[in-house]
Protein chains: 2
Amino acid sequence: MHPLIQHIQKLTSGFEIAEEPILSFFETKDFKKKDILQEEGKRCSSYFFVVKGCLRLFFTDINGVEQTMQFALENWWITDLNAFRSGRKSAYTIQALEETEVLAITAANYELMLAELPIAEKYFRLVYERAYAASLLRIQMISRMPKPEFYELFQSRYPEFIQRIPQKVLASFLGFTPEYLSELRKNIAKRKSNP
Amino acid sequence: MHPLIQHIQKLTSGFEIAEEPILSFFETKDFKKKDILQEEGKRCSSYFFVVKGCLRLFFTDINGVEQTMQFALENWWITDLNAFRSGRKSAYTIQALEETEVLAITAANYELMLAELPIAEKYFRLVYERAYAASLLRIQMISRMPKPEFYELFQSRYPEFIQRIPQKVLASFLGFTPEYLSELRKNIAKRKSNP
DNA sequence: TTTATTTCTTAAACCAGCTTAAGTTTTGCG
DNA sequence: CGCAAAACTTAAGCTGGTTTAAGAAATAAA
């Protein structure tokens, strides 16, 4: 069974779903490491579901530094949601951090699917409900927690990110400089050897 | 027509809705300024839709400082979403900043309503889709923008907040100290008189 | 395997925003 | 109204985290 269908069944807790009618709204695409899926400033045409691999969404700030705002591992959705919803140009670039397989859906097909399949409304309601709740927790961690504590919490909760993602990119996602992340890691390592 | 029904029609762009079957899932409640709607550590029983007035959601940090994470003005939903979804105890307090009228719905009724009314799935899908997108922008403003710039942007986008909300609470929501907010305001005022 | 490029580390100097502390203004209440 | 409590302001001193700069290690290219 396709990973998307599995994910839908998991979230909607076991509704009977026919695979074919859902998947017909999507197109499978493969990307190599460093490939660009969506370019900043270009029309945002697709919403991506990661089947295998890892993507990141970032923009380039006024100092020319790439600011990574989101990751997407397996079973995550990713796009510039504001641009996708409004049909405007994307404020972000989406890039593959690994060899990645996605399902892509256009805005037109997204609307069609939601109109035709009630299960899609339920599924996306649940996807956004969780994503919104997670996003609020992220705000709390980013803005109300000492950075060393935040990093250690992140490390314990999302160990797979630490493994798979370059430090420079991870530092940017967490909202600090690579130099500072390097220092944090050194301190943590030191503390573990000298208890 | 009730403000909630108006809001549903606005988001779902004009579906015909019968008022009575929807409102029957809710209870109207009124609160005075400073009343507590939800206490930290108590079971999170309700989800609130603000009909009139203003609420805030906060927790008390290890230094005893109240950290305001969210506001809700007219037509906003507010609760500890994680606690409401899972039936666990709330990590936050919800308090009225003004005299406030809400519609309250229990977790059981929320599930019932979603199961019985397809329009509710669509409506909440859209509510969360917007809230999630807004939350991502908020992360970007909080963590990737110089604070003076962030404050001025916030001021221009949400002038009604600046009017209605005590500075101390606003400072906490923005993630800085009241003293620093005071200094920012002074600098902005100075800049406006000396152009 | 050698060379070029990018990533990661280290450490010193610096600064935005916090802490502290004291004064002023506003709000709430008897 | 009059007083207490809370909210806001101001300013000096401090600190967590950035900037800058240079070198070491890993990846990629050739």
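What you see is a predicted model; the values in this text were computed from it and never measured. Every chain is numbered from 1, with letters handed out A, B, ... down the list of sequences.
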- Distance, rounded to the nearest Å, where B:R144 contributes CZ and C:dA16 contributes P: 19 Å
- Note on the structure: Residue set satisfying side-chain hydrogen bond (donor to acceptor under 3.5 Å, both in side chains) with A:S143, at least two apart, ordered chain then number -> none
- note: B:E66, atom CD; D:dA7, atom C1'; distance rounded to Å ~ 13 Å
- Query: Within this structure, what is the CG-to-C1' distance between A:L170 and C:dT7, rounded to whole angstrom?
  - Reply: 14 Å
- Query: Of the residues in residues 177-185 of chain B, which ones touch DNA chain C at a heavy-atom distance under 4.0 Å?
  - Reply: B:T177, B:E179, B:Y180
- Message: Once you apply a heavy-atom cut-off of 4.0 Å, does B:K33 come out as touching a base, just sugar-phosphate, or nothing?
- Response: sugar-phosphate
- Message: Without decimals, in angstroms, what is the distance between B:I165 CD1 and D:dA7 P?
- Response: 15 Å
- Item | Nearest-Å distance for atom pair CD1/P, residues B:I142 and C:dG17 | 14 Å
- Answer yes or no: is there an ion pair linking A:R191 with A:E152, defined by an N-O contact shorter than 4.0 Å? yes
- Spell out, as yes or no, whether a donor-acceptor pair under 3.5 Å connects the side chain of B:N63 to the backbone of B:V65. no
- Item | Residues A:E39 and A:K89 bridged, charged N to O under 4.0 Å | no
- Task: Please determine if A:E66 and B:R144 form a salt bridge, counting it only when a charged side-chain N lies under 4.0 Å from a carboxylate O.
- Result: no
- Message: Tell me whether the side-chain N/O atoms of B:K186 come closer than 4.0 Å to OP1 or OP2 in D:dC8.
- Response: no
- In whole angstroms, the gap separating C1' of C:dT27 from CD of B:Q167 amounts to 14 Å
- Answer yes or no: is there an ion pair linking A:K29 with A:E101, defined by an N-O contact shorter than 4.0 Å? no
- Query: In whole Å, what is the span from the CZ atom of B:F176 to the P atom of D:dG17?
  - Reply: 17 Å
- Does a salt bridge link A:R125 with A:E121, judged by any charged N lying under 4.0 Å from a carboxylate O? no
- Rounded interatomic separation in angstrom, taking CG from A:N187 and C1' from C:dT9: 12 Å
- Check whether any side-chain nitrogen or oxygen of A:K147 sits under 4.0 Å from OP1 or OP2 of D:dG17, and answer yes or no. no
